[in-house]
Every structure is written in C-alpha cells, then in structure tokens.
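Below you'll find the structure, written out as structure tokens, and then a few comments.
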Amino acid sequence: MIKLAIYGKGGIGKSTCTANLAAAFASLGKRVIQIGCDPKADSTINLLGGTPVTPVMDYMRDRDEEPTSIEEISQVGYGGILCIETGGPTPGLGCAGRGIITTFSLLEELELFEKFKPDVVLYDVLGDVVCGGFAAPIREGYADKVLIVTSGEKMALYAANNINKAVKNFEDRSYAKVRGIIMNRRAVENEEEKVRAFAESAGLDIAADIPRSADIIKYEDMGKTVIEGDPECETAQRFMELAKKLIAEDEAND
Amino acid sequence: MTDAFYITAAELADRGFDNTPDELMSHRHMIYSSPATLDFNSPGAKGFGVKRAGLAIPGSVMLLVAPGCCGRNTALLNELGYNERFFYLLLDDTDIVTGRHLTKIPKACKEVCDSLDYTPTAVMICITCVDALLGTDMERVCRKCEDETGVPTVPAYMYALTREKRLPPMAGVRKSVYSLLEPQKRISSECNIMGYFSHVHDDCELYDLLHSAGIKKVRELARCETIEQYHELSRANFNLVINPEARYAAQDLEKRLGIPFIELTRMYRIDKIHNQYRLLGRHWVLCSTTASTAARRSGQWRTSTENSVRCVLRWANV
C-alpha cells in the first residue's frame, strides 16, 4: 500500500497537488483514500464536483456523538476515491491538532483500511509540522513517505526546509521519510534554480515538476481536478507521471 | 432543584420516554450527576483506576508523568502497598508548551531503574489528559526509554476526557497490561479469564464448568505473582472475556498472538445465565464426554443457584 503525506507552506497548492495525485492514482485503477487534515476542510472538494464532504469534527460537534460507520463521514468522489476531511474547530477556538488525532483514532476504530482495502492513502496536511497532532500523519501505521510541495518563493522554501528538518527529527525506524519535493511553479524568477539548489542542499529529489497552468484554476472553478477535466493536458500528464513513478517504487519495494 | 428525588424503575417505565421527569434530564440542571460519577474510581475507594490497574504486570513499576495536581491522589494507593512502585515526573507549563518533557521521560526512566536494587519487569509510563492535547506518540517515547534502560516500557493513558468515548481509559489500560505477552505454543486445555484486575472468586462456578469441560488450567492476570506466570498467559487456547472493557485487549491478543476470545455478557436471570453457559458449551471443540459433563455441571449449578435465591427471598420475606 502506498501511504503518502503531503506537507508544504499554507497556500502553496498542497490540496491541488494531493487531489490531482489522488485522481491520477484512481485513473490508473488504484483504490484511493484522500484524508484532508486541515480545519478548512477543502482538500477533497475538487474530487467531489465542488460539494464538500461533512468533516469529521463537524459531525461530532453537531451531533455530539461519534459516527458509527465510515459512510457517515465520507463521500465517494472521482474515480471511486474515498474522501474524508478531519475538519477542525472554529478559528481561534479548540485544538486543530487534537482534531486530527481524534479523527485518526476514530478511523482506526471504524477499521477504515480493513474495510475499504485501499491501494493508496493520501494525507493532505495543513502547513508545517506544528504540534503532535500535525505530526500524526507521519506516525507508524499512517504515511510511509512525505512529499513536500514548494515553489521557488523564499517563504515556501523556508517552510519546506522546516518541514524537512521536522520530519528528519522524527526519523527513526517507524516514522515516514521525506520522499521528495513537488515543485509547484508560481512563475518566480529563476524558480527552477532556486528549488533545485534547495533540493540539493537538503539531499532531496524533485519528484515532480508541475507547471504553472491556467488549466488548474479553470477546472477547480468547475469543482474538478485537471486529471478529470483534461487528462491529456501537460499538467495532468505530470501528475500521471508522478503517480506511475510512485507505483513503480512501491512495487519494487514489495 | 434542592430536594432529593427518586423514582422506581417501574414508575419510570409506566411514564414512558416522553414523560421522563425533569429531575432526570441532566441538561436542565446546573449541577447533575453524570454517568462519569457512577464510574468514578477514587483511589480512596481502593478500586482499580488506570494507575493501579497499570501495575497489574508482576514486578512492574510506574512512572506517572503529570502536573503535580493530577498525581497527588496517587499517594492514597500507598496504603495498598504500592508505595515502592510509583514514581513521578512532574510537568510544568514550559514542559507542555515546548514538549521538553518528552526528552525528560527516558532520563527519568533510567533514574528510576538505577535507583532500584532490582530490575523491574516493566516500566509503565502513565500520562494524563494534558498530553492528549499535545498528541505525543508515546509508543515512540517508550521505545526510547527501552533503549535507555533495557527494560520493557509500555504507555498507559489516563485520559479522563475519553472516559465516555468508544475506547475509554480502562479499556486502553487493559490492552497495555497484556501488551508484553509474546507468541508461544498454545495449549488446547488452557484458557484465560479476562475482565477484572482482581481475580474471580475462588468458588465461582466458572472454574468448575471450565474444568468439567476439559480445561485443565484457567489463568487470570490477577493471579500472576511472577513475570514468568504472566508470560504463561499467552499459552491459552482461548480467552474468556467477562467484562466488555477487556474486549479491546482480547481483540489485540487475537490479532497479535492468534488467541481467539469468547465474550460472556453479565446477566442476572438464572435461566439466561444457564442458557449462556449452554451456548458456550456448544462452541467448545471438545470430546462429547467432557461437553456432556459440563452440561450436567451447568444444570447442577443452576439448581443450586435457584435454591440459594429461594433461601435469600425467604430470608428477606419477599
């Protein structure tokens, strides 16, 4: 099973990359789960035609009880992808990190993996590894590998460096390891050089190079990924290549 | 509401759900008695809470990692002979904000082990609600403790805020105390009773029924006096769960060690209890001789219990 966590600076395109990667895996015939770990709960919206799934924390807050089945807190989106959002507290209140932990415990109790039997699980995680809750997706049993999304912008690279250091700090025999970088281009001057320089200094591979493209915005406005909207376009093809590469690596490891 | 209020079960049933008295509608009062108060297990009451239960492994010690206020009532357990087995790592605000307590735990573990004139069989790291919000991976911390001391280290979670959740602390601690069991050859004529931290009464009919069904050895955690006896628990052919709080631990043993479990429900009507024993007997893969012996003994126990109940009722003049 491929289990990936996607981290990166806020607003850098983590959810876009995650959803497109999920769609690419699904279009290659894989059973995919995408779990958004962000209080904004918008990770999977473009797999669901623009209609968001009820986040787990919203379900528990509104009903004051835990769900008893996966169906109550998930929706099936493009390509049969099972979409789940942890959600979180009202901004300024509560603890979003605890929300992730609670959701993960619940999914374990509901035997998500045993019942759905996924080939691929993707965790789309808010921003940096800021507390124990946001490190939960890289614990034993969850993600095996981390992909860091960054552009050539200074603050995005700064965040990527922090994430890489944080994951390395946890790097013992059971935690996830950083697989590489998704370069999500933002039309920054000398962008490729800057990202490559960072990748080299951190000893990381650039796993994918996603061009800046109006297609992404066009299809997101329609509640779709580019994989769904125009699978032949260059952006979609880059995600397909990344998915194929990760599948090949997983098969080689098996 | 200032006056004491009571209602009998029959009266309540007659009124129906829609006419439940206001006195029983807990959300309509500022002060009410929640289900948690019924479950509350004060160390002063000498019951088994997470801390005392966490020491069920023979020869183990516990490091309680908590703000001072959370640990203070543990002192009451000293009266029960635990004073040599509890150790404390007190947290302050800076520890919690920076997470520095996590680096202190392995050092504290080492200090505890070095201070003893014997090597404990295990160290239980008991951590409280404050850490639930931090999301610490205690399994990882425990591995670091093991690296530091060479002593098996297990987490126990005293998360009161999960008391009414699907996996409450007392179910979690049961998994913790059985977690050091390792796979070994299982013996078909041996079983465990799982459920409580004190053993079943010596004269309980369960022993007699199990023996008459061909079970030669019935083990319980609470009867283990040495770590060797503890490890023999994983020889069991099956586990008999008599308290639902042990179900999670039994499921873990089934998953890890391949020991299946059968759960008995607590019942109070004699015919229901008898029927449950009959159903249990039907599932035993035993030779017909022992199975029929068990069935006969079950019937004898039923008759004997019915006679006892009649005596009590006569005595109570009911």
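Please read these numbers as outputs of a predicted model, since none were measured by experiment. Quick note on labels: first sequence line is chain A, next is B, and so on, each numbered from 1.
Of the candidates B:P106, B:C113, B:P120, B:T149 forms a side chain to side chain contact (heavy atoms under 4.5 Å, CB included) with just one, namely B:C113. The only member of B:R256, B:R186, B:Q184 that meets side-chain hydrogen bond (donor to acceptor under 3.5 Å, both in side chains) when paired with B:S234 is B:Q184.
With a 4.5 Å cut-off on side-chain heavy atoms, A:L147 and A:L21 count as touching.
Across B:Y178 and B:I193, no two heavy atoms sit closer than the pair OH-O, 4.4 Å.
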(request) Evaluate the side-chain contact (heavy atoms from CB on, under 4.5 Å) criterion for residues B:L221 and B:L233: first the C-alpha distance (whole Å), next the side-chain angles of each, then the deciding distance (0.1 Å), finally the verdict. (result) CA-CA 8 Å; B:L221 179 59; B:L233 291 169; 4.0 Å; yes
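Close approach to chain B, defined as a heavy atom under 4.5 Å from one of its heavy atoms, is seen in A:I101, A:L106, A:E109, A:L110 of residues 101-110 of chain A, taken by number.
In this structure, B:R140 forms a cation-pi arrangement with A:Y175, its terminal cationic atom sitting closer than 6.0 Å to the ring centre and no more than 45° off the ring axis.
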